[in-house]
Each structure stands twice: as structure tokens, then as C-alpha cells.
**Student:** 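Okay, handing you the structure first.
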Amino acid sequence: MITVRAPATSANLGSGFDVFGVALDRPADRVTVERAETTTIEVSGAGSDFIPNDPTRNTAGVVAQELDAPAHIRIEKGVRPSSGLGSSAASAAAAAVALNELYDRGLTREELVRVAAQGEAAVSGDAHADNVAPAILGGFTIVRDDGVTSTPADVPLVACLPEIVVSTRDAREVVPESVATADVVDTVGSAATLTAGMHRNDPVLVGRGMRECVVTPARAALIDGYADAVSYAKEAGATGATISGSGPGVLAVCYPGRQRDVAAALVDGFEDAGIDARAFQSGVGRGAELL
Ligand code: HSE
């Protein structure tokens, strides 16, 4: 029997739509696997009522199928589904690492990112790896079709989860199909700034590099309270804030020592729009770990 912990993650970071991701140091899912004739799934914990235990519709079940590794899979959810914090990716990542070990498949962590992305495809219709990459590798990750890069980083973060639901499918439908050259230039500038900031552990550069003017404004319209939450967070000491993944969560980067104020400000912003929210402090975390 093998248990693996895989963390919550935040994809996009504004300027890196479908490319950037970061592992958070909490919360996390724990997945325990045990060899079996056929795959069965048991889910408990945060939002488990909304997670299918049919192996063909559960990210961890699809991973077992991809690895030809039938197992009884017990998923303890720490990452709430539909939050924008890579809930399905955490389960897929933990299952991929655990089943690779259980069946001694010998795949590298980079290869497991591709396997776990197939699990993501089963629930979202698209094989995004920008959550599973940080969930497996940890740190700040850059995903491209020719490979994945991961680098450790250390910047103060706050994640805020409003009590509203935005499906990834809906959030992808509002993404504009074409982009003006000036917007591409602006986005490249932001993405480069953010990457430099992660390498230097510089929260000012990371926050500045989150700015993005194509996908984020289109999606922000789906999240009541978002504009106030971001503006209050910046007044309270965030260097930048943006939608976490496809939302509705918000990820803020903070000046050192300002996380508590930023967390309160994000919650206030949503509460002013009549939406309950909770926020927690985090840092850049490690990837999936065998327990
Ligand atoms: N990059 C993806 C998106 C993450 O923003 O749609 C959610 O799967």
C-alpha cells in the first residue's frame, strides 16, 4: 500500500495562460493505492460529494487506466473541487506518482506529468498540464508541448476562494480566439518579468508580471466581486493578484509580512459583493511526495 501527498496548485499566474503553474504549500490531497483486479475509487474530504467515483470519470481512475495499473484508490481531498486550485490535478498527480511506485513502472516525474494530464483531459475535455506539472514537480513550472521546466521559488502568496462556482469549460469559452499584436507584446513582457521574479524570489517582479489583458478581463466578468477583491488586495500589500487557474479563486503575491492583511482584503472585496470567501496564506510548495 502506498500513500502520496500532492499539493494544490495555481495555473496561469495571469500572463502564463496554459503555460505557468505554481505549487502551493497547502492544502493537499492524499491518495492511497493498493493493488487490485480492477480499479475502484473511494473519495472523502473537501467537496467529495461532487467527485465521481466511476474510474472512467475520475482523474485518478483515468491515470490508473493509462498506467495499466488497476488498484483500489482512496482519495482524501484537501483541495476543494471547482476552486481554481487544481483539485482534480492534485488527485491525478498523487495517483500517478503512487501507481508508478506500486507497479514499479519506472517512469520519470516528467513522464508522469503527461500521464496525469490525461486524467485532467477526462474531466475537463482538454489535457492541460499546467496544474499537474507543479503538483508533481513542485515549485514554479513552465509547460510547453516540448517539455516542462520546474524551478523552486520563494515568494509570499495568498489564495482566496469565493463561494461561487465557475466551471473550467465556461471559463474557456470566454477566452478570445484572436489577439492583437500589442497584447501579445504586453503579455510576453509580463511573462518574462514574472519568470525573472520567480528566479530571483522577488515578489515585486512576480506581481508585476501577473498583468495580462486578454484572458483575465474576459474571465473576471464571470467572477462577481473580483475587481474589488484585487483592488483591495493591492491596497493591503499585494504586489499583484490574478485569477487562479480558470477561477473563481484568486491568487495574490505579497510584500513580505503583508499576507494577513492581503488575505483579509480579498475576503472583504468578495463580501462587499455579497459573496462569502475564505483566504489562506501560502508559499511556493514542493511537488508530490511519498508518505
Ligand atoms: N490553464 C487552464 C485554464 C487551467 O485556465 O483554463 C485550468 O485547467
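For clarity, every value in this text was computed on a predicted model and none was experimentally measured. Numbering of ligands and ligand atoms starts at 1, following listing order. Values below: every heavy atom of this structure, side chains too, minus hydrogens, waters and symmetry copies.
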**Student:** Mind checking whether M1 and H72 have side chains closer than 4.5 Å, heavy atoms only?
**Tutor:**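 When only atoms from C-beta onward are counted, H72 and M1 do not touch, as no gap falls below 4.5 Å.
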**Student:** Would you mind listing which atoms of ligand 1 come within a distance below 4.0 Å of any non-hydrogen atom of N12?
**Tutor:**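 Near N12, the atoms of ligand 1 are 1 (N), 3 (C), 5 (O).
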**Student:** Look only at the side chain of R258 and the backbone of A236, and say whether a donor-acceptor pair between them is shorter than 3.5 Å.
**Tutor:**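 Answer holds: yes.
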**Student:** Can S246 and T168 be counted as having a side-chain donor-acceptor contact under 3.5 angstrom?
**Tutor:**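 Yes - a donor-acceptor pair under 3.5 Å links their side chains.
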**Student:** Using only heavy-atom distances, determine whether the side chains of T59 and S88 contain a donor-acceptor pair under 3.5 Å.
**Tutor:**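 Looking only at side-chain atoms, S88 and T59 do not form any donor-acceptor pair under 3.5 Å.
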**Student:** Does even one non-hydrogen atom of R219 get within less than 4.0 Å of ligand 1?
**Tutor:**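 Yes.
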**Student:** Please could you name the atoms of ligand 1 that D18 approaches to less than 4.0 Å, counting only its heavy atoms?
**Tutor:**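 With D18 as reference, the close atoms of ligand 1 come out as 1 (N), 2 (C), 3 (C).
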**Student:** Counting only heavy atoms closer than 4.0 Å, does ligand 1 sit against the backbone of R169, its side chain, both, or neither?
**Tutor:**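 For R169, no heavy atom sits under 4.0 Å from ligand 1.
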**Student:** Specify the closest pair of heavy atoms between D25 and S282, including all atoms of both residues, with the distance to one decimal.
**Tutor:**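 Looking at all heavy atoms of both residues, the closest pair is OD1-OG, 2.9 Å.
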**Student:** What part of R172, side chain from CB on, backbone N/CA/C/O, both or neither, has a heavy atom under 4.0 Å from ligand 1?
**Tutor:**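 Answer for R172: side chain.
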**Student:** Report, in ascending order of atom number, the atoms of ligand 1 lying under 4.0 Å from any heavy atom of H128.
**Tutor:**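 Result: 8 (O).
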